[in-house]
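Take a look at the structure below.
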Amino acid sequence: MIKKLGIPKEVKKDEGRVSLIPQHITQFTGLADIFVETEAGLGSGFADKDYEAAGAKIVSTAQELYEASEIICKVKEPQTEEFEMLNSTHVIFGYLHLASNLSLTKTLLDKKLTGIATEMIMDGKEYPLLIPMSKIAGNLAVQKGMQFLEYSSQGKGILLASISGEKNSKVTVVGCGEVGRSSIHKSIQIGASVTAIDLNEDILEDLKNKYGENITTLLSGTDEAKSAIRSADLVIGAVLLPGRKPPIVITEEDINHMEKGTVVVDVAIDQGGCVEGVNSNTHSEPFEIRDGVIISAIANLPGAVPRTSSVELSKNLQKYVDNLLVENWFEEYKNDKNLSPSLQIHNGLLLSEEVADSLSLTLSKLI
Ligand SMILES: NC(=O)c1ccc[n+]([C@@H]2O[C@H](COP(=O)([O-])OP(=O)(O)OC[C@H]3O[C@@H](n4cnc5c(N)ncnc54)[C@H](O)[C@@H]3O)[C@@H](O)[C@H]2O)c1
């Protein structure tokens with residue numbers, strides 16, 4: 001039976017991305033009727049007519065889209081204003097980040113729909129739908145950090161980039177996965193003095209081999225690591241325990257020891273944050289100032305550059321959407337070890353151990 005695939009306009013604040021771009025939906029012709037909410041692609045540079053030319057039908061409201069579609073292909077998790085449009089026939093496919101969001105998790109369970117958390121889709125040991133956004137977020141963390149260090153943001157008034165060849169600024173990155181490595185690369189490129197902190201000694205060794213004297217590598221939790229966090233101009237928190245709430249790696253005490261005007265960017269906020277007591281910010285209100293320290297925690301950093309991000313996201317999403325359009329898709333998601341971690345909610349059951357642990361909810365198993 002032909003499936004009904006819906007692409008809504010994202011409603012999270014300042015979110016300009018769209019899940020699938022026109023050139024990537026043509027392959028679904030014949031497998032799905034595709035509905036696109038009007039202006040869904042506008043922030044990413046794609047007009048309704050581009051989607052129509054690719055074979056989609058434009059609908060004028062979100063309500064119409066949710067009524068017409070079975071598979072809702074989103075970028076970000078459903079927002080409160082979308083809750084009432086959800087029903088048990090829906091498969092919600094997008095970054096859900098449930099481990100930090102009890103009300104969303106309960107709503108998806110109550111609605112008895114199916115929730116697929118795209119950030120948990122695996123390819124061996126990798127997370128192919130998280131990686132491209134993490135690379136973009138890692139770059140943006142430095143870009144935002146540079147901006148918040150400016151005098152007008154009440155930052156230290158320091159330029160991270162080196163002017164005369166000397167390193168005049170310090171960047172400390174905690175968590176050296178995809179986000180962290182992108183931040184490190186960009187910071188080294190512009191001539192900052194960079195310290196990388198991780199729990200994984202192999203990652204630290206690789207970084208040392210790659211960047212030599214341009215980087216200091218430290219094991220997380222050591223006194224040296226603490227000191228590097230407290231003395232940096234820009235601290236980037238980018239730790240991840242897949243599917244779970246991240247550990248707190250930048251404490252209140254660390255912040256108390258920082259110089260006024262220091263900038264802390266908590267990239268792990270989408271999973272709940274790795275800075276003690278952090279609150280979520282938006283692109284239009286991007287930070288709060290605590291004891292003179294600027295703390296920024298934007299859960300949709302790649303949303304700042306939707307033209308770049310949507311193309312990357314859509315390119316990587318295609319084959320997983322394709323998987324949903326076959327008759328036995330559910331069995332495939334349930335039984336494939338790369339796909340099953342993403343199948344987190346089904347018919348009132350919570351299927352993710354990590355989410356159940358993080359939110360103290362009951363874990364269920366499919367029989
Ligand atoms: N805010 C955004 O827009 C945005 C975008 C993309 C990713 N993210 C988030 O950024 C975070 C990092 O993502 P990633 O793709 O780089 O993950 P990743 O798995 O590639 O890397 C995470 C790293 O954290 C390290 N780590 C775990 N616990 C640690 C600890 N206690 N101390 C030091 N290091 C520790 C791991 O060893 C690993 O190297 C995740 O929380 C992810 O959800 C946010």
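Whatever order the structure lists ligands and atoms in, that order sets their numbers, starting from 1.
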Check your understanding: Between Glu353 and Leu363, what is the shortest heavy-atom contact and its length?
Key -> N-CD1, 3.5 Å
Exercise for review: Check the angle between the aromatic planes of Tyr211 and His185 and answer parallel, tilted or perpendicular using the 30° and 60° thresholds.
Suggested key: tilted
Review point. Near ligand 1, which protein residues have a heavy atom under 4.0 Å away?
Key: Leu130, Met133, Ser134, Ala137, Gly175, Cys176, Gly177, Glu178, Val179, Asp198, Leu199, Ile203, Ser220, Ala238, Val239, Leu240, Pro247, Val249, Val267, Ala268, Asp270, Gln271, Ile298, Ala299, Asn300, Leu301, Pro302
Distance-only criterion, 3.5 Å: show the donor-acceptor pairs between side-chain atoms of residues 325-332 and protein atoms not counting sequence neighbours.
from   : atom 1 : to   : atom 2 : distance (Å)
Glu327 : OE1    : Met1 : N      : 3.0

**Study point:** Remaining members of the apolar cluster that contains Tyr127, side-chain heavy atoms under 4.5 Å
**Key:** Met120, Met122, Leu130, Leu240
Point to revise | Smallest separation among heavy atoms of Ser187 and Val171, with atom names | key: OG-CG1, 3.7 Å
Practice item. For residues 9-20, pull every pair meeting side-chain hydrogen bond (donor to acceptor under 3.5 Å, both in side chains), keeping only residues two or more places apart or in separate chains. Key: Glu10-Lys74, Lys12-Glu77, Lys13-Ser284, Asp14-Ser284, Glu15-Arg17, Glu15-Asn300
